[in-house]
Number of protein chains: 2
Amino acid sequence: MPTSTVEQYIKIIYTQREHLGEGVVPMKRLSEAMGVTPGTATTMVKHLDEVELVRYQPRQGVLLTEKGENLALRMLRRHRLIETFLEQVLGYDWSEVHADAERLEHAVSDRFIDKLEDYLGYPEVDPHGDPIPTASGAIEPAIGIPLNTCAPGRRVQIARLIDDDTDFLVYMKNSMIVPGQDFGVRENSAVAGTVTIEHLATRRVVTVGFEPAGRILVSEHG
Amino acid sequence: MPTSTVEQYIKIIYTQREHLGEGVVPMKRLSEAMGVTPGTATTMVKHLDEVELVRYQPRQGVLLTEKGENLALRMLRRHRLIETFLEQVLGYDWSEVHADAERLEHAVSDRFIDKLEDYLGYPEVDPHGDPIPTASGAIEPAIGIPLNTCAPGRRVQIARLIDDDTDFLVYMKNSMIVPGQDFGVRENSAVAGTVTIEHLATRRVVTVGFEPAGRILVSEHG
DNA sequence: TATTATATTTTGAGCAGTCAAAACACTGCG
DNA sequence: CGCAGTGTTTTGACTGCTCAAAATATAATA
Ligand SMILES: [Mn+2]
Ligand SMILES: [Mn+2]
Ligand SMILES: [Mn+2]
Ligand SMILES: [Mn+2]
């Protein structure tokens, strides 16, 4: 059985790879996402290669094997079902759900997760809009396009927020930027590096920087 | 913050001490309950003494300090609320609840536990009849007297079962010996080393050995 | 092409927790 | 008292994970 540390590395490699869109995950990126020195990540990744969870190309980076991908999806499933439970059942604030899930995901059994999923009524996405893999490892393609690619005049609905950073989530929540809310794009200025949107229900206008706007995923409609 | 290992040692020292009734907990007992060699327990206990969680008397045994007792009660609270959740909400079988709680108790936050307690409606005992400490560390004295001290003719109600061993619990459950059930004591023979009781609702008769009968705690009534 | 900056790997060390086995210290007899 | 049995502590070693800092490779720039 993999240790919690191994589980965490594998999950991070999966999500970083998703972030990147293509290619291998370089060590700098991995070590930063893990909060660990680069040397530590190198050592670990060599070990993960030994046990066939990743393929490690020295001086290039790392990729999940089939086996690694399965483990990653199992972890994502755990993480997201736990988040859903914390929010919907225990009444956690939407933005404080992440830290607790980060630890619980390594302590629960498969039995726990399957019963929890049943109790929750087989939700398809977690509170941040991320899709929840099934017990067999199937996952819906994550929906949404980055807000910073949307032209002025479009109407959009918030679909997902990348949920790594609590401060980011708190800020977005205070600005009504949560999954399901409808906005109109007012301005999208590459030179100014900002995107301005208006919350349709409250007419409230918010301006966010280009980088954070990339972590707000929306579906265009209308 | 204490590690999970430290949490586990402290919790075990508390429950072993409770089992013993009085005096210090000797190393053999501790190491067996922890599933660890005696040398390991000695090393650990010296460290726990350093950080003021226990008082260690070499060649005698170990006792919790005030600080250690607080931690123990916090762990017991976690363990028992989690067990209650697994049984009442997720629908775990009464006898398979323990193993999962054993890991989860080290991964949950205080926020989690307090919200869970609220969600469960502030239960007073867990599925095995063990009292649940409050957030401030208060605990009801454990109720019940050992079944092997009950005279023939008495009517008793099952109050608690010592929940360390799954096989024990499964057997008791199959014999209707679960908290809340009423029995009549038919025989209590020190020479034979057995106690025979009859389940009043079904007239079913069960005989158990003296040692296991000591782990069945009942309240006499009627 | 030579130089510099950056990413990566290697090396040596440390911490928490564990075991096996040897050394030691107390029973309680005979 | 002396000795055996049992419980306890000590010692040396190992695993998993980590860091700091030195060594090395690659990419970028002048
Ligand atoms: Mn995690
Ligand atoms: Mn999420
Ligand atoms: Mn435990
Ligand atoms: Mn219990």
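Naming convention: chains lettered A, B, ... in sequence-line order (proteins, then strands); numbering from 1 in each chain. If you're wondering where the values come from, they're calculated on a predicted model, not measured in any experiment. What's counted below: heavy atoms across the whole structure, side chains too, no hydrogens, waters or symmetry copies.
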Item checked: Start and end of the DNA chain D segment that chain B contacts, any atom under 4.0 Å from a heavy atom -> D:dG7 to D:dT10
Item checked: Inter-residue atom distance B:E96.CD - B:L169.CG, 0.5 Å rounding -> 11.5 Å
Next item on the list: Just grab all the salt bridge (Lys or Arg N to Asp or Glu O under 4.0 Å) pairs involving residues 61-76 of chain A, residues at least two apart or on different chains.
Entry: A:R74-A:D110
Distance-only check: which donor-acceptor pairs under 3.5 Å involve side-chain atoms of residues 54-63 of chain B, not counting sequence neighbours?
none

Check: Between which nucleotides of DNA chain C, read 5' to 3', does contact with chain B run, using atoms under 4.0 Å from its heavy atoms?
Finding: C:dG17 to C:dA25
Next item on the list: List in numerical order all residues of residues 14-37 of chain B for which some heavy atom is under 4.0 Å away from an atom belonging to DNA chain D.
Entry: B:P26, B:M27, B:K28
Check: What salt bridge (Lys or Arg N to Asp or Glu O under 4.0 Å) pairs are there with at least one residue in residues 4-26 of chain A, not counting sequence neighbours?
Finding: A:K11-A:E102, A:K11-A:E105
Next item on the list: Mind jotting down which residue pairs meet the salt bridge (Lys or Arg N to Asp or Glu O under 4.0 Å) criterion with at least one end in residues 122-151 of chain B? Sequence neighbours excluded, please.
Entry: B:D130-B:R160
Checklist line | Under 3.5 Å side-chain donor-acceptor pair for B:D118 and B:Y122 | finding: yes
Checklist line | Partner set under ring pair (Phe, Tyr, Trp, His ring centres under 6.0 Å) for A:H106, not counting sequence neighbours | finding: none
Next item on the list: Identify the two heavy atoms, one from A:P212 and one from A:M172, that lie closest to each other, and give their separation to 0.1 Å.
Entry: CB-CE, 4.4 Å
Check: For B:K28, what residues pass the salt bridge (charged side-chain N to carboxylate O under 4.0 Å, His left out) criterion, not counting sequence neighbours?
Finding: B:E32
Note to self: Please find the pair of heavy atoms, one from A:A159 and one from A:S219, that lie closest to each other, and give the distance.
What the structure shows: CB-N, 4.3 Å
Item checked: Of A:G39 and B:T42, the one whose closest DNA chain D nucleotide lies more 5' -> B:T42
Check: Any side-chain heavy atom of B:H98 sitting closer than 4.5 Å to one from B:H79?
Finding: yes
Item checked: Flag, side chain of A:R77 to backbone of A:I132, donor-acceptor distance under 3.5 Å -> no
Margin query: Quick test of your reading of the model: are B:D93 and A:R111 salt-bridged, counting only N-O distances below 4.0 Å?
Written below: no
Note to self: Please give me every residue in residues 4-11 of chain B whose heavy atoms get under 4.0 Å of an atom in DNA chain C, ordered by residue number.
What the structure shows: B:T5, B:Y9
Check: Given the rule in the salt bridge (Lys or Arg N to Asp or Glu O under 4.0 Å) test, do A:D100 and A:R103 qualify, once you have shown the distances and angles that lead to the verdict?
Finding: CA-CA 6 Å; A:D100 275 27; A:R103 272 170 302 109; 3.1 Å; yes
Next item on the list: Sequence neighbours left out, what passes ring pair (Phe, Tyr, Trp, His ring centres under 6.0 Å) with B:F85? Give chain and number order.
Entry: A:F85
Notebook entry, point to check: What parts of residues 43-51 of chain B reach DNA chain D, counting only heavy atoms under 4.0 Å away?
Noted result: B:K46
